[in-house]
Amino acid sequence: MCGIVGTIAERNVTALLVEGLRRLEYRGYDSAGLAIIDNKQKLRRIRRTGKVSQLANALQEDTSFTGKIGIAHTRWATHGAPTEENAHPHFSHDQVALVHNGIIENHETLREYLISLGYVFTSQTDTEVIVHLLHHKLSEIGDLASALKATVKELKGAYGLAAMCVQQPDRIVAARSGSPLVIGLGIGENFLASDQLALRQVTDRFIYLEEGDIAEITRDNVKLWDQSGQEVKREIIKAQISAEAADKGEYRHFMLKEIYEQPTVIQATIDGRITGDKINLQSFGPNAEELFAKVKNIQIVACGTSYHAGLVARYWLEALIGIPCQVEVASEFRYRRVAVQPDTLFLSISQSGETADTLAALRNAFSETYPSGNYLGSLAICNNPTSSLVRESDFTLLTKAGPEIGVASTKAFTTQLTALLLLTIALGKAQKTLEAEAETTLIRELRRLPSRIDEVLASNKTIEKLAEHFIEKHHALFLGRGAQYPVAMEGALKLKEISYIHAESYPAGELKHGPLALVDANMPVITVAPNNDLVEKLKSNLQEVRAREGELFIFADEDVEIKEAAFIHVVNIPHIHDVLSPILYTIPLQLLSYYVAILKGTDVDQPRNLAKSVTVE
Ligand code: G6P
């Protein structure tokens, strides 16, 4: 959600911090702020509402604003409107500065307590209680790291936070509980951020804080304590992604770049999982085959686009290999008493691996007190190898999408689908429910998928033209049948996220049970029509739309005979094996949303009110 960057160096750190914030801006972006301790040992800050560029402009106007230690933040408002007063860093007595991601649940009680001690609050945020509490503890204890340890003991909720104080201007302290933090190691300078992407321009060596860790970072040292207060050493990890991966390159937007990366990243997700035309069961981990053979049910839990990937997977798991599968959004699942069938695999899907609800669902499912525990094990399909979800799951199947910066997920979704299909094949093989011939066919089709996607991407101009029909529209209806229904859901989500057009999705067969009442000349109806058993049924549904003057936008297999006519727009999609069609048919819907958003002039990569990684509830 929000982003944190901190640096301590022998040089002025403001430019470093601003660049870090820019790289984190996709996470949350209604205001930003930066604090330093200057060479007169004074705390100074600049905060601005709006984008990081506003903050950068303000900094340029004040050349005296320099320091060798600083912390910075980009905010996505939870408590308190996105105003300058509510923007981080927050100060206490102009001595302590603090930035925070997460939500402090007991902030009201703490606020009352701190007011009784004489602290004056200047914001509506939950964060401000932490900085005053830290100031209070510091005045009692004297050492910043020890004061932070005492402070976090009194916090309930989620936090990733960083702080500094004028009394000890040679260090930044940090704490992690429920919100990720990573330390970047330099030479004679060290860094801290909520996401390693923020630091990729300055280092490739990272230490990930674990849950409950406290850190003290100086120019040439890092000290860490675990949640029991023991000093610990954590592994230094060398980053695998290149610094350029987080740049737009020749593309106008990250979203477009990420759409075009799909053939490559799908290939990368397949690589290593197959040998020839067969699935490589060993590549799923040393004990995976044994686990896969035992699975009798699957519970999928995820949020947003990842949830849609789970919905597609249900069709595959049940139809191809007969494993019953349930799919639920994590925010519901985590608070529900569920009845778990014996031998159920808990499968979470997440691009970031840090989504608060998905993580909580995993933790609840395996907590000792959870009434319906007894899962066979947990498997995470995730794009971030160092995430909490990966670390806390028994098994991981990594998607190789690389950093996804556009808030609207594209390549993460199609690589999740690829991973889910590979998983289905692996489970079928381990359980001997998938014929060898079917395995070979599916793997061959998967290998052809990247070039099929390239063909669809080549229709970009046609889809760009189609987008013009949406400029004046306020609503849109997406229809799909079978495994294309979740594709329609994903299409509707993309359109509403980035163009702000209200879009709904329905299984085409449900049309006459309500949504048909909405259909008239102003209601564009978008659908995907691969050449499968359901296509004739779908065609009848489309007739129902045309009969009410609804304008049709159909992405159809070359062999499906739907004729272009007035108010019936057809874009041909290359033929593909039906099982893989949800992956291919997602691509034109992504392009359509992108071009509609461009025409509407919205902020494609950072749509209003949204954040890339939802680390609060
Ligand atoms: C946010 C993002 C979506 C994403 C969802 C789940 O809403 O904007 O793109 O699908 O979170 O995120 P995850 O990282 O768990 O896949």
Side-chain angles (χ1 to χ4, degrees), residues 1-3 24-29 76 78 101 178-180 194-195 197 253-255 258-259 265 300-313 327-334 347-363 378-393 396-420 486-487 489-500 586 589-590 593-594 597 602-617:
M1 304 251 48
C2 313
L24 288 183
E25 201 174 19
Y26 73 105
R27 289 182 150 250
Y29 33 77
W76 185 85
T78 57
N101 289 355
S179 196
S194 49
D195 183 329
L197 273 183
H253 293 100
F254 279 110
M255 182 178 178
E258 288 158 5
I259 289 174
V265 294
I300 298 181
V301 177
C303 300
T305 288
S306 300
Y307 167 67
H308 294 157
L311 290 175
V312 173
V327 193
E328 191 161 346
V329 285
S331 54
E332 284 300 313
F333 181 86
R334 65 179 286 192
L347 173 55
S348 59
I349 308 172
S350 172
Q351 187 282 128
S352 62
E354 300 293 350
T355 302
D357 284 320
T358 309
L359 267 173
L362 169 71
R363 289 174 186 155
S378 58
L379 170 65
I381 291 191
C382 189
N383 196 37
N384 178 359
T386 52
S387 63
S388 307
L389 198 72
V390 166
R391 274 186 271 141
E392 295 179 33
S393 297
T396 306
L397 179 45
L398 284 178
T399 48
K400 299 286 175 61
E404 191 182 63
I405 309 291
V407 164
S409 183
T410 52
K411 61 176 181 169
F413 180 64
T414 48
T415 51
Q416 284 168 347
L417 290 179
T418 306
L420 284 159
V487 172
M489 293 170 85
E490 177 59 13
L493 177 64
K494 284 299 83 102
L495 190 69
K496 67 185 130 189
E497 275 180 315
I498 61 168
S499 74
Y500 314 149
T586 296
L589 301 188
Q590 295 171 342
S593 298
Y594 174 77
T602 54
D603 190 340
V604 172
D605 284 334
Q606 297 173 352
R608 67 186 181 201
N609 305 339
L610 299 180
K612 182 73 187 160
S613 182
V614 183
T615 50
V616 296
E617 224 188 306

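Remember, it's 1-based here, ligands and their atoms both numbered in the order they're listed.
In this structure, Glu392 pairs ionically with Arg363, as a charged nitrogen and a carboxylate oxygen lie closer than 4.0 Å.
The side-chain contact (heavy atoms from CB on, under 4.5 Å) test applied to Ser179 returns Asn101, Thr615, not counting sequence neighbours. Among residues two or more places apart in sequence or in another chain, the side-chain contact (heavy atoms from CB on, under 4.5 Å) test is passed with Asn383 by Gln351, Thr399, Ala401. Under the rule for a side-chain contact (heavy atoms from CB on, under 4.5 Å), the partners of Val329 that lie at least two apart in sequence or sit in another chain are Tyr307, Ser331, Glu332.
Using a 4.5 Å cut-off on side-chain heavy atoms (C-beta onward), Ser409 and Lys494 make contact.
One side chain, Glu354 or Ser388, offers a donor N or O that lies under 3.5 Å from an acceptor on the other.
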Identify the protein atoms, limited to N or O, that lie within less than 3.5 Å of an N or O atom of ligand 1, and list each pair with its distance to 0.1 Å.
unit_1	atom_1	unit_2	atom_2	d
ligand 1	8 (O)	Val407	O	3.4
ligand 1	8 (O)	Ala611	O	3.1
ligand 1	9 (O)	Val407	O	3.2
ligand 1	10 (O)	Thr305	N	3.0
ligand 1	12 (O)	Thr355	OG1	3.3
ligand 1	14 (O)	Ser350	OG	3.3
ligand 1	14 (O)	Gln351	N	3.4
ligand 1	14 (O)	Ser352	N	2.8
ligand 1	14 (O)	Ser352	OG	2.6
ligand 1	14 (O)	Thr355	OG1	3.3
ligand 1	15 (O)	Ser350	OG	2.6
ligand 1	15 (O)	Thr355	OG1	2.5
ligand 1	16 (O)	Ser306	OG	2.6
ligand 1	16 (O)	Gln351	N	2.7

